[in-house]
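Excluded from the calculations below are hydrogen atoms, water molecules and symmetry mates; all remaining heavy atoms, backbone and side chain alike, are included. So that the names make sense, note that chain A is the first sequence line, chain B the second, and so on, each numbered from 1.
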Amino acid sequence: MKRARSGDEEDPRQNASPAQPQSDGDSSGSGCGLSSADMQHKEDSPGTRREIRSKYRELILSVQKNREDMLSASNNKLTEVLEKANKLFQDVRQPREAALDAQLLVVTTDLGNEKASQLSAEGASFDSVAFTEHLLSYMGLKRLTNGEDGQQNGAAFGYLPQDAWQKVAQRAENCFRAAPSFHYMMGSFHAEPPPPKQRIERQRKAPTKEVKRMMPTQLKKMGDSHQEATEKEVERILGYLKKYYQDDPTSPILYYEFVIDPNSFSRTVENIFHTSFLIRDGLARMHLDSDRLPCIAPVEEGEVEAGGSSIRKQCIVSISPKLWKEIKEAYDIRNPLIQPSNMQPE
Amino acid sequence: MMSHRKKPSNAHGSSQSTSNAGPTATQEEEDDATFTQPSTMQVQKGLEKLTPAQVDQKTAEVVQYFLVKDQKKIPIRRADLVKHVVKEYRNIYPEIMKRAARTFDQVFGLKMVEIDPKNHLYILINKLEPVTGASPITNPTNPKLGLLFVILSVIFMKGGVVRESVVWKILKNLGVDIGEKHEEFGDSKKVVIEEFVRQRYLEYVRIPHTEPVEHQFRWGQRAEVEVSKPNILLFMGALHGQEPQSWSQQYQEAHRAPNSSQSGTSSQR
């Protein structure tokens, strides 16, 4: 190591180690001025500076390269590095070296942080090797027999059954509060507006179509031989309705009086069913009288409009055996207005 | 109502400088930037000008959008939602979101959760708690879920952060080598650091000052709300033949009071 400046008085110290900051015994006692000036000259030499910097770089490199080693809880290598850095720092005089020191500090702090997080104060430790062993058993690993020379590392340890990961996935499912995937039964989805709107409309139209279809299918369910029977029955009931109406056009026919058969609940239900066709086809109409009781009357010949009419309302009539009994008693119905026909199914 | 700004480069600055932030991140932030949350007054006024049917229709569209986007488990951005679905109804956005949340809750049994309040990302999760133990129903499950489960478990058991080398080593011991094509997962590394990260199940972050570059894994924002830590411990216990309580630190963490660190509850804007 060459020095830029060399005074005569410093020559004797040329052989001394330049990194030693401690002043020798004799110069410490004497006037500080001369010895500190001496020291300054010695330490200002670029060679010294270079050496310090190079030592720092060495330390930084060693920390980075031996990361795994430093992290191990079984040694104090990290502490040793810090101790070395401390010693080195005493020689630091210029910003360049200080910067390196700072860099070393950052690197060792990171490592220290990681090392600390590895410590678990209490409780069982989690051993990943044990974990993988257990998991492999769970997955149904078939290990290689002794005859084959299995490789050390994980990969060719044996054979996992085809559904191994599937098995884990299924067991894992209960750890997730995942929303089930939603799928249309129709095609794929685009982020542009038009497709969603179309689908909404179609979906809304579909139900109404089904409602309209309900009636014909009901008839069909009774079988073709029954279809005529129903039609006949409906006509027969219309006949009764007209007759009663003509008997006394001014007095309204109470709906429940009309449909209820006091002798048979099932026939009552059938009467309601058949009457509903009359309403649907516009051959009869229902209204509420002054007591807000439903009444039924045939529609005049000229007024009949099949299918849609201007004011159409829908209602659902329901009846239960209990209700049937109550109405029977309330209205004091003794005889059915709709006489049971001879050909009653079942 | 909306202010139009020139494209500022990172004027908003992502909240986390994660490696997720791709070139499109700024664009989405920009779109989101033009959306300002309307005030209650504005919402009221907006509602007055619309029929209930119109509002219902728009709500239904939002619900549909969510459901379909959730198929791939990719979080929904508010910016996309406003741009593609809500559109001119953005002045009543909070009302629509409130109704959508109600629909998810009451009709589908799902919770709409804002997993990232800063960047306004939403996901759907199940309202119901998962059953303990193996499910009695055996649907065909995606095997990737098993892979994800292993990684999440390891991260959790190791205190919440794990270096990627640890994960790769464990996977290799299970027959999944990221250097090779896997029979079931294909490019397994890609699945882990791209798909799972995009879905927000995992976070994959650079460790500073590492040379060569190394990353850490953490639980992602979706995992935080979707995954049940107690159930993971139960599975661990069953696997190791130990009581879950024997891992006392993890047990404490798993049974910590909820919402102390979780973000977002449903129907947040």
**OP:** Assess the pair A:Tyr138 and A:His134: is the distance between their ring centroids shorter than 6.0 Å?
**Re:** no
Subject >> Contacting moiety of B:Val176, where chain A heavy atoms sit under 4.5 Å >> reply: side chain
Original post:
Run the salt bridge (charged side-chain N to carboxylate O under 4.0 Å, His left out) check on A:Lys55 and A:Glu51 step by step: do they pass?
Top reply: CA-CA 6 Å; A:Lys55 285 217 166 113; A:Glu51 194 181 344; 3.3 Å; yes
Subject >> Atom group of A:Gln162 that falls short of 4.5 Å from chain B, counting heavy atoms >> reply: both
**OP:** Could you tell me which portion of B:Glu184 (side chain, backbone, both or neither) has an atom closer than 4.5 angstrom to a non-hydrogen atom of chain A?
**Re:** side chain
**OP:** Check whether B:Tyr201 gets within reach of chain A through its side chain, its backbone, both or neither, counting any heavy atom under 4.5 Å.
**Re:** side chain
Original post:
When the ring planes of A:Phe126 and B:His240 are compared, do they come out parallel, tilted or perpendicular, using 30° and 60° as the limits?
Top reply: tilted
Subject >> Side chain / backbone / both / neither for B:Lys127 at chain A, heavy atoms under 4.5 Å >> reply: neither
**OP:** Sequence neighbours left out, what passes side-chain contact (heavy atoms from CB on, under 4.5 Å) with B:Arg218? Give chain and number order.
**Re:** B:Val161, B:Glu203, B:Gln216
Original post:
What part of B:Leu124 gets closer than 4.5 Å to chain A, counting heavy atoms only: side chain, backbone, both or neither?
Top reply: both
Original post:
Looking at B:Lys72, B:Lys169, B:Glu183, B:His209, which makes the most heavy-atom pairs under 4.5 Å with chain A?
Top reply: B:His209
Original post:
Under 6.0 Å between the ring centres of A:Trp165 and B:Phe149?
Top reply: no
Subject >> Proximal component of B:Leu147, with respect to chain A [non-hydrogen, under 4.5 Å] >> reply: both
Original post:
Looking at B:Phe235, B:Phe104, B:Phe108, B:Tyr251, which one has more heavy-atom pairs under 4.5 Å with chain A than the rest?
Top reply: B:Phe235
Original post:
With B:Ala254, which residues qualify under side-chain contact (heavy atoms from CB on, under 4.5 Å), at least two apart?
Top reply: B:Phe156, B:Lys229, B:Pro230, B:Leu233
**OP:** Verify the distance criterion only: is there a donor paired with an acceptor across the side chains of B:Glu253 and B:Gln249 at less than 3.5 Å?
**Re:** no
